[in-house]
Each structure stands twice: as structure tokens, then as C-alpha cells.
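All of these numbers come straight from a predicted model, not from anything done at the bench.
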Amino acid sequence: MPHVLQNVVFPLDRDPDLLPLYVDPETWSVIDEEPVRVSNRAQLGHILDRHRARIVAGRRVSFGTYFNAFPASYWQHWTPVRDVRLTVRTSGPATILVYRSNGSGVRQRLETREVEGEATSTFDLVLDQYSDGGWIWFDIVADDSTAIFNGAEWTTETAPTREGKASIGITTYNKPDYCIWTLRNLADSPEVLELLDRIFVIDQGDRRVDAEDLFPEVSAALGETLQIVTQPNLGGSGGFARAMAETLERPESEFVQLLDDDVRIEPESVRRSIVFGRFATVPTIVGAHMFDLLDRPKLHAWAEVVDDVPFMWRTLYQEKMPHDFSAANLRQSPMLHMRLDADYNGWWMCLIPVEALRKAGFPLPAFIKWDDAEYCLRARDHGIPTVSMPGVALWHVSWVGKDDSIDWQAYFHARNRIVAGLLHSSIPRGGTLLRHSRRMDLKHLMMMQYYPVALRHRAIRDILSGPEHMRAGLATAMPQARALAKDYPETVVHKDSGVPMRSRKGRQVFKRMPRHTFDSPTGLRLRWFTLSTLVSHWIHAPRPENISTPEVEFGKGDAYWWRLPLFDSALVSAADGSGKNIYTRDRRKYRRMLFDTVVLHARLRRRWPELSKRYRAAMDELTSLEAWRKTFEESK
């Protein structure tokens with residue numbers, strides 16, 4: 001019996017921005033080594049339904065796209081599948097051309113077939129030349145009359161390694177509308193539902209999903225598959241841990257599929273991730289890529305890693321991200337044809353085998369930030385790899401319109417990164433992690449951003465107190481961090497009241513640099529700038545007129561750490577454009593916090609070996625099912 005690995009699909013939404021991710025009915029050329037669109041006749045009217053499309057006479061349509069090409073290299077590397085059959089169904093005179101690429105993105109034609117009338121064409125393909133990378137796809141060219149594409153799928157006769165179902169765990173906090181949308185799309189996708197055991201919605205907010213007007217309809221459609229679980233806000237780690245615990249109670253569930261709440265899903269991606277998990281040679285965490293919900297052709301995360309020396313996460317080929325598929329599609333993007341191995345995958349969508357839960361345990365009680373990265377590193381130590389799977393993705397609000405390094409989340413950014421380093425770093429004293437952390441404090445202090453520094457110092461003090469603080473403060477750390485904001489006037493976002501906020505010297509405008517290029521000081525200039533600025537802020541008090549009225553104004557894209565420190569105060573646009581923050585130099589806070597930064601990082605560095613042993617010894621208890629169950633009981 002053939003097993004369907006991947007269906008060819010068209011977008012759920014009639015959104016022209018989505019077409020480049022599914023089908024490419026355009027002609028491209030290359031000018032000055034750049035892909036250039038020569039013609040554009042993409043029309044949603046030619047998409048007939050989820051699986052069918054019209055191909056106009058004389059036109060060529062390529063399925064060498066993100067969602068419809070077959071990621072051959074990942075299937076060859078991570079599964080025992082070696083023989084794949086592509087089946088294409090058409091009506092009318094057409095030519096089907098099958099292509100492959102290698103890890104460098106070089107295209108090679110595998111087969112060509114002319115068809116007429118009602119035709120079912122099969123192509124038997126062997127996965128034996130894709131070690132470094134490569135996709136397989138097909139194009140259809142309509143002849144002198146319009147042809148109809150009636151669907152296609154990629155199948156194999158190879159038996160899966162495991163056959164259990166998956167349960168989905170959606171953690172939500174006051175995003176009921178998003179959740180209802182996700183549930184409706186799952187309810188309308190029978191090919192996904194047949195692979196699901198349960199859908200657990202872990203509702204941690206006060207705007208309940210089951211209070212939405214459309215909930216009865218969705219609940220009736222999903223029946224016993226849907227279960228709503230309510231609990232206090234224990235963050236992402238607490239919500240996903242609850243979904244994991246509920247999944248372990250289900251004997252039919254061999255995986256738990258974690259989903260964020262504020263997302264738009266592609267149901268075929270959910271199905272593909274489960275199927276890939278079933279076929280993986282060893283139990284494997286299958287992660288999804290993330291597209292920007294507010295700019296839907298833009299891919300923000302492909303394969304993410306943790307660099308050991310600074311112990312910091314990043315995306316591979318970060319300088320090429322985000323990738324805009326409306327500007328350059330899959331076939332014009334050689335980097336996307338490489339097989340890239342990930343260290344971890346974000347929990348916006350991530351399939352975790354229950355064997356990982358039994359071997360590696362549950363998430364750290366981290367609330368948010370680094371829980372996903374730390375878990376995948378821990379699972380890797382137990383022989384469970386993470387694969388960020390091409391063709392498996394969703395849309396999530398990106399970080400472009402926010403800066404959570406300066407709000408209450410700064411506490412969790414700092415604490416959880418350092419804790420993860422204590423648990424997993426193989427470099428003495430965390431390598432350059434503490435130096436980087438201290439540098440972050442200095443940048444915030446020079447930029448008159450005292451609130452995130454206060455949070456980061458609180459994080460270090462908690463780390464120094466020992467691993468017990470993590471579970472003890474799981475439900476209280478976030479409200480305490482937010483409450484601290486009232487002591488820091490720069491956290492207030494001044495909304496537009498109809499009266500423009502003004503600065504004494506007006507807005508400072510700078511020449512825009514190319515992406516990932518900055519005019520910041522480096523080398524000796526950097527050292528001199530930092531030293532002179534730190535001394536100047538220690539010695540000189542701000543001028544009174546700059547305290548009463550902001551001295552200058554910056555757009556968010558210009559307010560860098562090497563510009564703000566030159567002034568006593570500044571009016572800076574909020575990241576989301578909703579208002580402005582006023583940053584004012586406070587010499588008393590600056591002196592106290594600079595002293596604390598030096599002392600706290602010195603203490604942390606001196607105690608690193610001891611703390612690392614303590615946190616590693618406590619990891620089993622911190623991440624155990626029993627400890628999480630106790631937390632759930634105590635939080636009722």
C-alpha cells in the first residue's frame with residue numbers, strides 16, 4: 001500500500017501574496033546575476049480548489065515552490081525512504097517536466113512526458129544523490145488549449161518506522177480568535193484529522209476559547225478530538241508541558257505537535273510533519289519554518305543553531321534572512337537547496353516524539369524564551385535530533401514590529417540563556433557568554449534604558465540563588481517583572497494625542513545602510529567610544545533643559561547604541577510605531593547599575609563551575625513529569 005508523503009496543495013486563502021509559495025506561473029530571467037521577473041500573470045482565478053488549477057494555453061506553470069517541491073535531501077538523510085513515486089493527474093494536452101536540484105541549487109531535468117485527455121502520469125524516482133541537498137519538482141506546460149491540473153502526490157511503498165498518531169498541543173493566552181481559526185482549519189482537513197488522536201487547547205488566559213461565538217460549531221465538528229484544558233498562566237513552557245503530560249496519557253499518541261496560538265497554519269504542513277516523524281530512522285523532533293504573518297511571502301527562520309562559544313542562538317545564513325519568496329522563488333535561491341542541520345526549532349510549531357519525553361523529560365520551568373532551544377539541546381544529548389523541515393511551515397507574527405529585549409521579557413532572555421549555558425555549555429565558564437551579557441548591560445545603560453538592566457540584574461541574582469528559584473517563581477516572575485516597570489519612566493509609550501511630541505533639536509536622520517551593514521565603531525574606535533562614554537555618563541550630569549524636554553528625536557531604526565549615548569535625552573519611536581518613548585539620562589541610576597553589572601557578572605563568573613554542577617544535578621527534577629504535575633496541582 002503506498003504511503004502519501006506529500007500532497008500538492010494550493011493556498012487556503014485567496015491571497016495573491018501567497019501564490020509564490022505554492023505555484024509559480026511566471027517567467028523569470030537573470031540580469032546582472034539577480035533573478036528578475038519578466039512577466040507576471042499570476043491569477044487566483046486559475047486556482048480552482050485546494051488541489052486543482054487551470055493552466056492557460058501556452059503557459060508554463062512550475063511547482064518548484066516552497067510548499068510543492070519535494071525536499072529529497074531531507075528524506076534521504078533522515079529516513080530509510082529511497083524510492084518515491086510522483087503521480088500527476090491532468091486533463092487536456094500538456095507536457096510534464098520533472099526536475100531535480102543538487103545542494104548548490106543547480107537544476108537538472110529528470111524526465112519529460114506529453115499527455116492528452118484525462119491522464120494519470122507516474123514518475124518513479126530514486127533518492128540516492130541528495131546527500132548535500134536538493135529538491136525534486138515538476139512543471140506543466142499547456143499546449144494550444146487550456147489544460148487542467150487535477151492534483152498530484154508523492155508516495156512511497158516503504159513502510160514507516162512507526163505508525164502512532166499525534167496529539168496537538170496549543171498553548172494560548174488571550175488569543176481565542178486565532179485559536180478558533182486554527183481549529184476550524186483542522187476540522188476542515190480530514191487528511192490531517194486521520195493522523196490526530198487529540199487536540200489539546202491549554203487555555204491560560206481570561207478570554208476563553210470556549211467562550212467564543214464560533215466555538216460550539218468548531219467543537220461539534222471536532223467532537224471528542226478537541227479537549228480544552230484551563231490553567232493559570234504558566235507561560236509557554238507551562239502550557240506546552242501540560243500538553244505533553246496530557247499526550248502521555250493517550251496510548252495512541254506517539255507524538256505531540258506543539259503549536260503557538262497567534263499563528264495561521266497550513267494543514268498540509270501539520271500532516272507532513274507527522275508523516276516525516278513516522279518515517280524518521282530514529283525518533284526525531286520535526287520543526288516547522290516560520291513565515292511572517294504580516295508579510296506572508298517572507299521566511300524568517302530556516303535552520304537555527306546555538307553557537308557554543310557565546311552560547312547564543314542564530315539562524316544559519318542569517319545575513320540572507322528574511323528571505324522574500326515574492327522577490328526570488330525557490331529555484332532562484334541556491335542557499336535554500338542545501339541541507340541545513342538545525343540544533344533546535346522554535347515551538348511556534350514543533351513535533352516531539354513521546355520517546356523524547358520519556359528520555360529527555362519535559363521543558364524547563366522557564367516560562368518563555370530558550371525553553372525550546374534548551375529542550376532540543378537536551379534531546380540531542382539523548383540521541384534525538386531536530387530537523388527543521390522544508391515544506392513544513394506556518395505564519396507567525398515576526399519580531400520585526402517589536403523589541404522584547406527592552407520590555408519585561410528581558411528578564412527571561414537573560415536568565416534562561418545563562419541557565420541553558422550552565423546546563424549545556426562545554427566551554428569553561430560559558431565561553432564569551434558572560435562577556436556578551438555584560439556588554440548588553442553596558443549598551444542599555446549608555447542608551448538610557450534602565451528597566452531592562454534592572455530585569456537582567458534580577459535574573460542574575462535569581463540564578464545565583466540556585467536552580468530552585470525557577471519552579472518557585474514560575475507563576476510570579478512575569479507579573480513581578482512587569483510591576484517593576486512603574487519605577488522606570490522610559491517604559492511609558494506616549495500615544496498620539498493629536499498634539500505632536502517635540503524635541504529641542506528635532507529628529508536625527510541618518511543614511512540608511514544596506515541590510516546587515518552598520519556604521520558602528522569597531523576595533524580601537526569601539527573601545528575608545530565605550531570607555532569615553534561610560535566615563536562621561538559617570539561624571540557629567542545631564543543639562544536641565546534636556547531633562548524637561550527631550551534633546552533629540554530618533555526613529556526606531558536609527559536609535560542604535562552608538563548614537564543615543566551622545567545626548568542627554570531622546571524621543572524614540574516604539575518598535576511597533578504605536579507611540580514614542582522618552583529616554584532620559586539618570587546619573588544616579590547609571591552609577592548604581594554600572595557598579596552592579598560589574599559585581600554581578602564577576603560573581604557569576606567566579607561561581608560558574610559550582611553553579612553549573614548544581615543546575616545539572618537539578619535538571620532531572622526541574623524537567624520531570626512528576627514535578628510538572630505537582631505544579632499543575634498547586635496552580636489550580
Short side-chain to backbone donor-acceptor contact, [X] and [Y], under 3.5 Å:
X: Gln480; Y: Ala477; value: no
X: Arg591; Y: Trp538; value: yes
X: Asp307; Y: Pro310; value: no
X: Glu634; Y: Phe632; value: no
X: Trp348; Y: Ala393; value: no
X: His289; Y: Ala303; value: no
X: Thr631; Y: Ala627; value: yes
X: Ser437; Y: Leu433; value: no

[X] and [Y] ion-paired at < 4.0 Å:
X: Lys369; Y: Glu374; result: no
X: Arg607; Y: Glu610; result: yes
X: Arg482; Y: Asp407; result: no
X: Arg207; Y: Glu212; result: no
X: Arg415; Y: Asp462; result: no
X: Arg461; Y: Asp596; result: yes
X: Asp576; Y: Lys556; result: no

* Asked: Going through the checks in order, is the ring-ring contact (aromatic ring centres under 6.0 Å, His included) test met by Trp302 and Tyr317?
  -> CA-CA 9 Å; Trp302 184 267; Tyr317 289 95; over 10 Å; no
Check whether NZ of the Lys or CZ of the Arg [X] lies under 6.0 Å from the centre of the six-membered ring of [Y] and within 45 degrees of that ring's axis.
X: Arg264; Y: Trp181; value: yes
X: Arg296; Y: Trp395; value: yes
X: Arg563; Y: Phe510; value: yes

* **OG1 on Thr549 to CZ on Arg502, rounded to 0.5 Å** =>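 Those atoms lie 12.0 Å apart.
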* Can you tell which of Arg439, Arg438, His457 makes a side-chain hydrogen bond (donor to acceptor under 3.5 Å, both in side chains) with Thr597? ->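 Only one of Arg439, Arg438, His457 forms a side-chain hydrogen bond (donor to acceptor under 3.5 Å, both in side chains) with Thr597, namely His457.
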* **Check: Asp371/Ser237 side-chain N/O donor and acceptor closer than 3.5 Å** =>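 Looking only at side-chain atoms, Ser237 and Asp371 do not form any donor-acceptor pair under 3.5 Å.
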* Any chance the side chains of His436 and Arg417 put a donor and an acceptor closer than 3.5 Å? ->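 There is such a pair between these side chains.
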Should we say atom [atom1] of [X] is surrounded by more than 12 heavy atoms from elsewhere, each under 6.0 Å from it?
X: Ile539; atom1: CD1; answer: yes
X: Arg471; atom1: CZ; answer: yes
X: Arg592; atom1: CZ; answer: yes
X: Arg527; atom1: CZ; answer: no
X: Arg605; atom1: CZ; answer: no

* Which residues share a side-chain hydrogen bond (donor to acceptor under 3.5 Å, both in side chains) with Asn546, sequence neighbours left out ->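 Per chain and number, Asn546 pairs via side-chain hydrogen bond (donor to acceptor under 3.5 Å, both in side chains) with Arg504, Glu551, Asp568.
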* Asked: For the residue pair Phe291 and Phe325, does the interplanar ring angle fall in the parallel (under 30°), tilted (30 to 60°) or perpendicular (over 60°) class?
  ->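 Tilted, since the angle between the ring planes falls between 30° and 60°.
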* Geometric class of the Trp370/Phe311 ring pair [parallel <30°, tilted 30-60°, perpendicular >60°] ->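 Phe311 and Trp370: parallel rings.
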* Atom of Arg616, atom of Leu422 and distance for their closest heavy-atom approach ->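 Nearest heavy atoms, Arg616 then Leu422: NE-O, 2.8 Å.
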* Thr584 and Met448: which non-hydrogen atoms are nearest, and at how many Å? ->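 For Thr584 versus Met448, the nearest heavy atoms are C-SD, 3.7 Å.
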* Mind checking salt bridge (charged side-chain N to carboxylate O under 4.0 Å, His left out) for Asp324 and listing every partner two or more places apart, or none if nothing turns up? =>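 Asp324: no salt bridge (charged side-chain N to carboxylate O under 4.0 Å, His left out) contacts found.
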* Stepwise salt bridge (Lys or Arg N to Asp or Glu O under 4.0 Å) check, Glu319 with Arg314 -> CA-CA 10 Å; Glu319 71 282 359; Arg314 68 178 174 91; over 6 Å; no
* Any chance you could lay out the side-chain contact (heavy atoms from CB on, under 4.5 Å) test for Leu336 and His323, step after step, and finish with the verdict? => CA-CA 10 Å; Leu336 302 183; His323 179 82; 3.8 Å; yes
* Using the salt bridge (Lys or Arg N to Asp or Glu O under 4.0 Å) rule, collect all pairs that involve residues 440-455, keeping only residues at least two apart or in two chains. =>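 Qualifying pairs: Asp441-Arg456.
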* For residues Trp347 and Phe240, establish whether the separation of their ring centroids is below 6.0 Å. =>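 Yes, they do, as the ring centres are separated by less than 6.0 Å.
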* Just one of Asp203, Asp206, Asp262 clears the salt bridge (Lys or Arg N to Asp or Glu O under 4.0 Å) bar with Lys175, so which one? ->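 Answer after filtering Asp203, Asp206, Asp262: Asp262.
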* To do: Quick one: do Tyr488 and Tyr450 satisfy ring-ring contact (aromatic ring centres under 6.0 Å, His included)? Show the steps, please.
  => CA-CA 7 Å; Tyr488 296 89; Tyr450 304 113; 7.4 Å; no
